[in-house]
Trainee: 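Input: one structure, supplied below.
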Amino acid sequence: MPIAQARPLALALACLSSISHAQNIDFQTIEIQTVKIADGLYVLMGGPAQGNILVSTGSDGILLVDSMYAPMHQKIMDAIAKISRQPIRYVVNTHLHGDHTAGNEAMAKLGAVIISHENMRKRMAEGQNGGPPGALPTITYTDSMTLRFNGEEIYIYHPEPAHTDGDSILYFRHANVMHVGDVPSSLRYPNIGVTDGGSVDGMIAAAKQVMKIANPETKIIPGHLGPVVGFKEIQQQLDMFGVVRERVMSAIRAGKTLQEVVASRPTADFDQGRMGGAITPDRFVTLVYQDLSRKK
Ligand SMILES: [Zn+2]
């Protein structure tokens, strides 16, 4: 791709977490792919920023994990119609960001009950999700909760502040399937909700905790890029986080500015295989710097 074309794209992607992000997306061209990963469990993948929705279908109805952006609603409904005609009973949000929650309102209008961590609802009620509060969660929890649905025992827990301070991770115990939201999992540079209570160390701790609660056979669904990863990818992401954290932290201690640290390309040896996500290496380094410079 010529540089003149590549640059605006990189800039558009760099502001992924900002309010303007949804306006930069060409929703028309986005096509949802449906991947069955277990009986009654499907990943709808390929949403904005390669986002994923997990669908549980069965005799109790439909449960969704995340709702993408509002303009994706009809595409999501069309994809669901191909796997089930049951009503959508629940939407569980993994966290606050608009690419995971902005579709809540349309789902709530169809009768879905929205579930989230208490902190997510609080920030959303204050308009911190980058849009109108829309349909706020009506069921919240603080540490963990269990939902029995479609014959599953769905363990929903809060991994302490990680990607944000209101993250939820869902573990479908019988199917051995986990949805980890934007905690480090798929090979990419993840967004870090540095202004939403998230942190580098929290993300590292949450990924380690996932590997304690899950097992090597667990099908792990990431918030972005999928459909499924395993411990191998999480370990690779932990290795990358550990090294980049140390590099950026020592540069901060040596008095380097954000511009100097970004220019030194502290992720360079990890870039291969991680360029398929929406967050550029420069954006990732910026987020790591912003977080770590608060605690040096
Ligand atoms: Zn996010």
Side-chain angles (χ1 to χ4, degrees), residues 12-25 30 43-54 64-70 72 91-104 114-124 126-131 133-134 137 156-170 178-207 210 220-226 229 234 237 241 274 276-280 283-288 290-291:
L13 294 176
C15 57
L16 180 71
S17 62
S18 74
I19 294 162
S20 62
H21 180 59
Q23 289 148 18
N24 295 328
I25 299 167
I30 295 178
V43 179
L44 307 186
M45 53 182 293
Q50 298 90 37
N52 299 319
I53 284 179
L54 178 63
L64 303 179
V65 183
D66 288 339
S67 60
M68 294 185 181
Y69 284 116
M72 292 300 296
V91 175
V92 184
N93 291 136
T94 59
H95 64 283
L96 172 80
H97 294 150
D99 52 333
H100 301 259
T101 58
N104 281 1
I114 316 284
I115 300 175
S116 81
H117 186 263
E118 180 66 25
N119 293 345
M120 190 203 103
R121 187 189 188 283
K122 194 162 165 267
R123 285 186 185 273
M124 206 167 164
E126 290 163 358
Q128 291 180 43
N129 56 325
I156 307 171
Y157 75 94
H158 172 59
E160 300 294 325
H163 177 66
T164 68
D165 64 6
D167 299 341
S168 290
I169 291 180
L170 293 90
M178 205 172 208
H179 192 307
V180 298
D182 286 0
V183 158
S185 48
S186 53
L187 289 192
R188 65 185 183 112
Y189 288 115
N191 186 17
I192 305 166
V194 294
T195 56
D196 310 312
S199 71
V200 173
D201 290 348
M203 286 188 78
I204 292 171
V210 161
I220 295 167
I221 298 149
H224 301 264
L225 293 173
V229 298
I234 293 182
Q237 286 297 80
F241 258 91
R274 285 189 177 80
I279 299 287
T280 62
R283 173 74 184 148
F284 179 67
V285 171
T286 301
L287 292 165
V288 172
Q290 284 174 348
D291 175 48

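Just the heavy atoms: all of them, side chains too, but no hydrogens, waters or symmetry mates, feed the values below. Start at 1 and go down the list; that is how both ligands and their atoms are numbered.
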Trainee: Within the 3.5 Å criterion, strictly below it, is a donor on Asp182 or Asn191 matched to an acceptor on the partner's side chain?
Mentor: no
Trainee: Could you tell me if Asp291 and Ser199 have a donor-acceptor pair between their side chains, going purely by distance under 3.5 Å?
Mentor: no
Trainee: Between the side chains of His97 and His163, is a donor N or O closer than 3.5 angstrom to an acceptor N or O?
Mentor: yes
Trainee: Looking only at N, O or S atoms in His97, which is nearest to the Zn ion (ligand 1)?
Mentor: ND1
Trainee: Can a side-chain donor-acceptor contact be found between Arg274 and Gln237 if the only test is distance below 3.5 angstrom?
Mentor: yes
Trainee: N/O/S atom of His163 under 2.8 Å from the Zn ion (ligand 1), yes or no?
Mentor: yes
Trainee: Please give the atom name: the N, O or S atom of Asp182 nearest to the Zn ion (ligand 1).
Mentor: OD2
